[in-house]
Protein chains: 2
Amino acid sequence: MTDTHSKRPTLKDLAKAASVSLASASYAINGTGSLGEQTRQHVLRVAEDIGYRQNLNARAMRTGRTRAIGLVLPDLSNPFFPSLAQSVIQTARRWGFSVYVTDTEGSEELERDTLKELVGRNVDGLIWFPIRDVDTAGPLIGNVPTIVLDRSLPGFECIQADYALGGQRAVEHLLAAGHRRIGIVSGPTDIASMRQRCEAAAAQIGRHGELAFQVSNAFSTDLEPAVAAAIDNRAATAVFVGADVIAMGILGHAQTHGLKVPDDLSIVGFDDIPWANFSSPPLTTIEMPLEQMASEAVEALAQRIDGNPRASRRIILDTPLISRRSVARPAAA
Amino acid sequence: MTDTHSKRPTLKDLAKAASVSLASASYAINGTGSLGEQTRQHVLRVAEDIGYRQNLNARAMRTGRTRAIGLVLPDLSNPFFPSLAQSVIQTARRWGFSVYVTDTEGSEELERDTLKELVGRNVDGLIWFPIRDVDTAGPLIGNVPTIVLDRSLPGFECIQADYALGGQRAVEHLLAAGHRRIGIVSGPTDIASMRQRCEAAAAQIGRHGELAFQVSNAFSTDLEPAVAAAIDNRAATAVFVGADVIAMGILGHAQTHGLKVPDDLSIVGFDDIPWANFSSPPLTTIEMPLEQMASEAVEALAQRIDGNPRASRRIILDTPLISRRSVARPAAA
DNA sequence: CTGAAAGCGCTAACAC
DNA sequence: GTGTTAGCGCTTTCAG
């Protein structure tokens, strides 16, 4: 039994309890060095008995590696990010890393603080989904291996998806369904990946139809007045929405304002967040390959951490269309 | 300018660069000790110049406090948890703590590993949402101050909500709308908080109506056959569902199977996850006061960490009904 | 195969 | 007001 009130036993305590040297204790715990089989067993047993736990910080301090990585995300309340976080956590676990998840609340200042903090805690690497395509980190990050997600930051290895292709596919789908007057609701336009998908969409609309409107909205289900107005005007029979969260807001708005989806208004979103599949109607959308992003990111990071600098590749993943029920032929064709 | 390729400067480097002693450098950085104002300024300036960052691990090792807490959650893909995580992260930040978030993937083994890992990294405290009402941690946790969320674990300070009252309120609401034949779809029944809400609901139904069925489902939008069957049978005009995620699954199922909600089937859920407000119809549900849970938890933890043992209180928060559109009078009254 | 000792980066007595 | 120094718990040469 362990006394609940004593301090956590140290390696020294363990060595003493097992009457071996400090080194032997360490070897036994880590499975390193060369140690008599019985000694090792004995130490391990005693460790169990006295409830010994390695102090990972001390270990990290000595070895210079923490086996921890930081995941810096802009906003956990956007359902896109928890999914990503989950994938990263699981993949990292497979590689033997723990993950610090942080939410920068969309603030560049917090983002900087967070990054600083993580570096200060000596994470072995960083997976960073910046708020914008702006390097708020500067030299803060130092030499910490870093993979940037979705945004495009010079000097970093970036993992992205083919946003333009996604936007184009979305519009093609709408066109194929017979829509001609198509609107665009973009997310924040200071984000390159957002501009890309919307520009590609606009181009495609320009080619074969008519751009009814192009407005933008924050990453939120709450619609800004201009957006609500654009929808209410019924200038378009269909909209391409740059992010599913916003699309869900539009879906809700349309329905509470007497517009039937998809009959009066077809919608295609972008991201394929989990509940896109459970709205009514379920949302047709462009999939962001999250699991792949996560595993590519962790893998790339692991490579670098293990000293494989691996030329700063830029990885671009595919963005398939997921066809569900929010698109139909326009009523008045 | 900092050489991108050199190691991170240490306090020693800083001291040397500023030509002061190690202690003075430390004092300047931490604002402790007594130091000439100019010395301090000078050191700080030099620190900036050479890009010095504290090594928080080393500091933690020395002081015995990491200013980090661990948040152990069962499943980030249930939208309930990211919201909770976000609140915890933000509150913790206000108290000067960083948060390690982990997802135990519903596995008790991973839960144990995770807890071990966190303790090994010397977190100052733990906020733990156990998978079940089972203490998988045992003595692993040692003396690390821990707050348990939602579940009820002997010996821990637990923060819970009034589940029974919530279940009762849900049914009262259904009753008031004129329903008599009411079904219950519970979440996993090995969870006390789940049993409480459903038992209270059942009791209330028993008192003034008729329990049409009582089945259970995993925390998922995917319905188990028994649950789908119960819904399809139309044995009930209304259901109380123990968790919103499941409720969303039922909503989707009902609608794709020709049942109109709320006309053919009224639904009230539990949790008030973010998208409950954006389904169509928006889901009437019982609110879990997440922000409050989070801030109570962090606060309680901070207290203990700062050495205020504060008798192991059990905090019970209120569970108000949020009335939206998924409840109507039954068609055939 | 085992033990003694150095040192990772930092803080906090304690001396000056 | 500033500098010296002893460790925090651990890993890892290097001798025996």
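For the numbers below, each heavy atom of this structure counts, side chains included, while hydrogens, waters and symmetry mates do not. This is a predicted model, so every value here is computed, not measured. To find a chain, count down the sequence lines: A is the first, B the second, and so on, and within it residues start at 1.
You'll find that the side chain of Q54(A) is closest to dC10(D), out of dG3(D), dT2(C), dC10(D). In this structure, the nucleotide among dA12(C), dT2(C), dG7(D) sitting nearest to the side chain of A23(B) is dA12(C). Residue R62(B) places its side chain closer to dC8(D) than to any other of dT4(D), dT13(D), dC8(D).
One end of the helix from dC1(C)-dG16(D) to dC16(C)-dG1(D) points its axis 50° away from the other end's axis, with each axis taken from 5 pairs and the angle rounded to 10°.
Dashed line: the shortest gap from a side-chain N or O of K7(B) to OP1 or OP2 of dG9(C) is under 4.0 Å. Taking side-chain N and O atoms only, S24(B) has no distance below 4.0 Å to OP1 or OP2 of dT2(D). Distances shown here put every side-chain N or O of T63(A) at or beyond 4.0 Å from the OP1 or OP2 atom of dT12(D). The phosphate of dC10(C) (OP1 or OP2) has a side-chain N or O of Y52(B) nearer than 4.0 angstrom. Residue T10(B) places no side-chain N or O under 4.0 Å from the OP1 or OP2 atom of dC8(C).
Taken to the nearest 0.5 Å, the OG1 atom of T91(A) stands 11.5 Å off from the CD atom of Q292(A). Here CG of D75(B) is found 5.5 Å from CG of D103(B). Values are rounded to the nearest 0.5 Å.
Across all strands, N57(A) comes closer than 4.0 Å to no nucleic acid atom at all (heavy-atom distances).
If you check the side chains of S193(B) and D150(B), you find a donor sitting under 3.5 Å from an acceptor. No side-chain donor-acceptor contact under 3.5 Å links Q303(A) and E299(A). A side-chain N or O of E117(B) and one of S98(A) form a donor-acceptor pair less than 3.5 Å apart. For the residue pair T136(A)/E111(A), the side-chain donor-acceptor check at 3.5 Å is satisfied.
The separation between N55(A) atom CG and dG9(D) atom P is 7 Å, rounded to whole Å. For R59(A) and dG7(C), the CZ to C1' distance is 17 Å, given to the nearest whole Å. To the nearest angstrom, P of dC8(D) lies 13 Å from CG of L11(A). Atoms CE (M61(A)) and P (dG9(D)) sit 12 Å apart, rounded to a whole Å. In this structure, the CG atom of L56(A) is 9 Å from the P atom of dC10(D), given to the nearest Å. In this structure, the CZ atom of R65(B) is 13 Å from the P atom of dG9(D), given to the nearest Å. dC1(C) atom P lies 18 Å from atom NE2 of H42(A), rounded to whole Å.
Across the interface with DNA chain D, nearest-nucleotide mapping of L22(B) and A58(B) shows L22(B) to be the residue nearer the 5′ end.
Side-chain contact between Q54(B) and N30(B) is present, with heavy atoms from C-beta onward closer than 4.5 Å.
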